[in-house]
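This report concerns only the one structure given below.
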Amino acid sequence: MSAAATRPGFVETAVDAVTSSRWSLYGLAATRIALGLTVAVQLIINAPDRGYTWGAGARWGLPLRDTGVWADWPMWVADAGPVLFTTVYLATIVAALLMAVGLFTRWTTIATLVLWMSLFVAAPLIETGGDAILRMTLAYLVLSDCGARFSLDARREAAGRRRPLRERIPGWWIALWNNVAVVLIAHQIVMVYVGSSLWKLESDRWVDGTAVYYPLSTEQFSPWLDQLGWLYGWAPFVLGATWSSLVVQFVFPLLLLNRSTRLVAFVVLTGMHLGIGFLMGIMYFSMVMIAADAVLVSDDSWRRAARAVRTRRWRRGQVSDRPDAVVTPERL
Amino acid sequence: MVLLVGAVVAWHLLVVTTAALPPESTPQALRPPSGHLLPFFRQDWRLFAPNPVASDRSLLVQPAWRDEEGGVEVGEWVDVTDIELDSVRQHLVGGRGGYGTNRLTFSLDQQWAGLLADQQAALRTQAGVTPEAPADREKVDELLSGADAPEYVRNGFLDTDDATIRLATDVLRTLEPDRELVAVRYAVENHPVRRWEDRDAEARPEPTQRDGFWWVPAEDDPDRRAAIADYVRRHQ
C-alpha cells in the first residue's frame with residue numbers, strides 16, 4: 001500500500017482534531033470562574049435594590065414585557081411574591097458561586113443559566129450587551145468540560161472521590177462537545193468585536209477620533225465626571241481611546257492568528273474593558289467580556305505562564321524544586 | 001455523527017456572522033434567515049455605535065393632587081432618572097436599576113417618532129384631556145385611531161405610555177403617600193452635551209422637553225408600590 005493511500009484526508013484529520021483532545025481547558029475554567037463571580041458579585045451588590053431592579057418593582061414594565069421579544073419566556077419570578085423572589089435571588093448567587101468553585105460544575109452551570117434568565121426576563125428593559133454575552137457564553141459552557149481545571153470537581157476526581165466523566169461517557173464525545181463550545185464562544189467574541197467595529201466605522205465621530213468624548217460627557221455614562229471631566233476634554237486621551245478601541249476591535253481576528261499577537265490582543269482588550277468599566281460605569285459588561293475572552297488563551301500559554309511564574313519563584317527561593325517541563329497552573 | 005454536529009455548528013456560525021455585521025456589509029442575498037436567533041442569540045453589537053450617546057435623557061413625572069377644597073392642584077416635576085442615577089454616580093460598580101428610565105426614554109421617543117403626523121397632532125391637542133379629566137387607555141386609543149396607522153404602532157405607543165404611567169404613579173405616591181393622586185403625566189427631557197468643537201464653552205446647550213398628557217393614575221399593585229417606594233426612599 002502506498003504512503004498516499006494511508007495518509008489521512010482533511011475530513012479524517014479534522015474529525016481526529018476535534019475528538020482526540022479537549023481544547024482550552026484552562027481558558028474555559030477561567031471563563032467559568034469569572035462569569036460565576038460576575039453573576040454573584042452583581043447580585044450581591046444589587047441586593048438592596050433587587051425588588052426594584054428584578055422583583056415586584058420591575059412590574060411597571062409589564063405592558064412592555066408582555067409584548068416584547070421575551071414574552072414567551074416563563075415569567076414566574078416576575079409574578080412571584082417577595083419571599084419566593086428573594087429565595088430565587090439567593091439561589092442564583094449560590095449557584096453562581098458553586099459554578100465558580102467548580103462543584104457539580106455542569107449542573108451548577110445549568111442552574112446559574114436558568115436562574116439568571118428567570119431574573120433577567122423580569123426586567124428586559126435594562127438589558128445590556130453584557131447580559132447577551134453572559135447568557136450565550138453560559139449556554140455554551142454547559143456543553144463544555146469547563147470543570148476539568150481549577151475546580152473542586154477536578155480535586156475530588158484526583159483524590160478518587162468522584163467518578164471521572166470519561167468512565168461514564170466516551171472520551172471522544174466529551175472532547176467533541178467541549179471543542180464545539182470553545183469554537184462557539186470564540187466565534188461569538190470575534191463577531192462582537194468585528195460587528196461593533198464595523199458599526200463604528202459608519203459614524204464620523206468614531207472616524208474623526210472624538211466618539212469617546214460624548215458618552216463620557218453625559219451624567220448617565222460617566223460616574224466620575226466631576227472628578228475626571230478635565231481628562232475627557234483632553235484631545236490626546238480622547239483620540240487615543242477612540243481610535244485604539246476601533247482598531248483593536250477591527251483587527252481582532254487577525255491578532256488571533258499568531259501566539260504573540262494573541263497575547264497582545266488579550267492584554268490590550270482587557271485593559272480597554274477595565275478602562276471602559278471604570279470610566280463609563282459599566283463594569284458588568286467589562287467583566288463578562290474579559291471572562292469570555294479568556295477562552296482564547298490556549299492551554300500552552302497557560303502552561304508557559306505557569307512555568308515562568310514557577311521559575312521566578314524558584315529563583316527567589318520561594319519554592320525548593322526546580323521547575324520542570326510539566327509545570328501546570330495548578331502547581332504554582 | 002461528528003460530521004452532522006460539524007454541519008450544524010458551521011450553519012450556526014454562518015448565521016451568527018451575517019446577523020452580527022451591519023446590514024450594509026453583506027449583500028441581502030448572502031444573509032441566511034436568522035429569525036431563530038431571537039431572542040436568546042440576538043446579535044446587536046452596536047455598543048455606542050454608530051453614533052455614541054451624546055445627551056442625558058431623563059424621565060420627568062408630574063402629579064395632579066386633590067386639594068383641600070376638592071379641586072385639583074398640579075405639583076412640581078420630579079426627575080425619576082436623577083433618583084436612579086444615585087446608584088450610578090461615583091460607584092465603581094453601579095446599580096443595575098440605575099439605567100431603567102434611561103432605556104425607557106429611548107423607547108418613549110422611539111414610539112412617539114413611529115406615530116403618524118396626524119396622530120402626533122391629535123395627541124398634542126389632547127382633545128379634552130386635562131388634569132381634571134385625565135385620559136385612560138381607551139381615550140388615548142381613541143385619539144390615535146383617527147389616523148390610518150398600523151395597529152402595532154398604536155399598541156406599541158400605548159404599552160410604553162402605560163408602563164411609564166405605572167412607574168410614575170408609584171413614584172409620586174411614594175413621595176406624597178397621604179394625598180389623593182388625580183392624574184399623572186410624564187415628560188422626556190433631552191439634554192445634549194457640548195459638541196467636541198465647543199467643549200470649552202461654559203454651558204451645555206439648553207435641554208428640550210417633550211411632555212406627555214394627563215393620564216389616570218395606574219391601578220395599585222401593593223408589592224410593586226412597596227418595592228418602588230423602598231428604592232425611591234434609599235436613592236432620593
From CA spacing to verdict: side chain to side chain contact (heavy atoms under 4.5 Å, CB included), W224(A), R89(B): CA-CA 7 Å; W224(A) 313 100; R89(B) 286 192 199 103; over 6 Å; no

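Of the listed residues R199(B), H191(B), Q90(B), R234(B), the one with more heavy-atom pairs under 4.5 angstrom with chain A than any other is Q90(B). Of the listed residues G281(A), S217(A), G81(A), A58(A), the one with more heavy-atom pairs under 4.5 angstrom with chain B than any other is S217(A). Across M191(A), R205(A), M283(A), the residue that shares the most heavy-atom pairs under 4.5 angstrom with chain B is M191(A). The residue among D204(A), I45(A), L184(A), L198(A) with the most heavy atom pairs within less than 4.5 Å of chain B is L198(A). Considering only heavy-atom pairs separated by less than 4.5 Å from chain B, the leading option among D208(A), L216(A), I133(A), V212(A) is I133(A). Among Y140(A), W173(A), W172(A), F285(A), the residue making the largest number of heavy-atom pairs under 4.5 Å with chain B is Y140(A). Interface check for chain B: of the options A139(A), G55(A), G277(A), A235(A), the most heavy-atom pairs under 4.5 Å are formed by A235(A). Per-residue heavy-atom pair counts under 4.5 Å with chain A were compared for A20(B), G94(B), P22(B), G6(B), and the maximum is reached by P22(B).
Only the side chain of V5(B) comes within less than 4.5 Å of a heavy atom of chain A; its backbone N, CA, C and O stay farther away. Proximity to chain B involves both the backbone and the side chain of D49(A), based on heavy atoms less than 4.5 angstrom apart.
Inspection of the Q42(A) and R96(B) side chains reveals an N or O donor paired with an N or O acceptor under 3.5 Å.
The backbone N or O of T218(A) sits nowhere less than 3.5 Å from a side-chain atom of D56(B) that would complete a donor-acceptor pair. The closest donor-acceptor contact from the side chain of W196(B) to the backbone of G233(A) lies at 3.5 Å or more, if one exists at all. Not one N or O on the side chain of R57(B) forms a donor-acceptor pair closer than 3.5 Å with the backbone of Q220(A).
For the pair R46(B) and E202(A), the salt-bridge criterion is not met [side-chain N within less than 4.0 Å of a carboxylate O].
Seen from the ring of F40(B), R135(A) counts as a face-on cation partner, given the 6.0 Å and 45° thresholds.
Ring planes of F48(B) and F221(A): perpendicular class, angle over 60° (limits at 30 and 60°).
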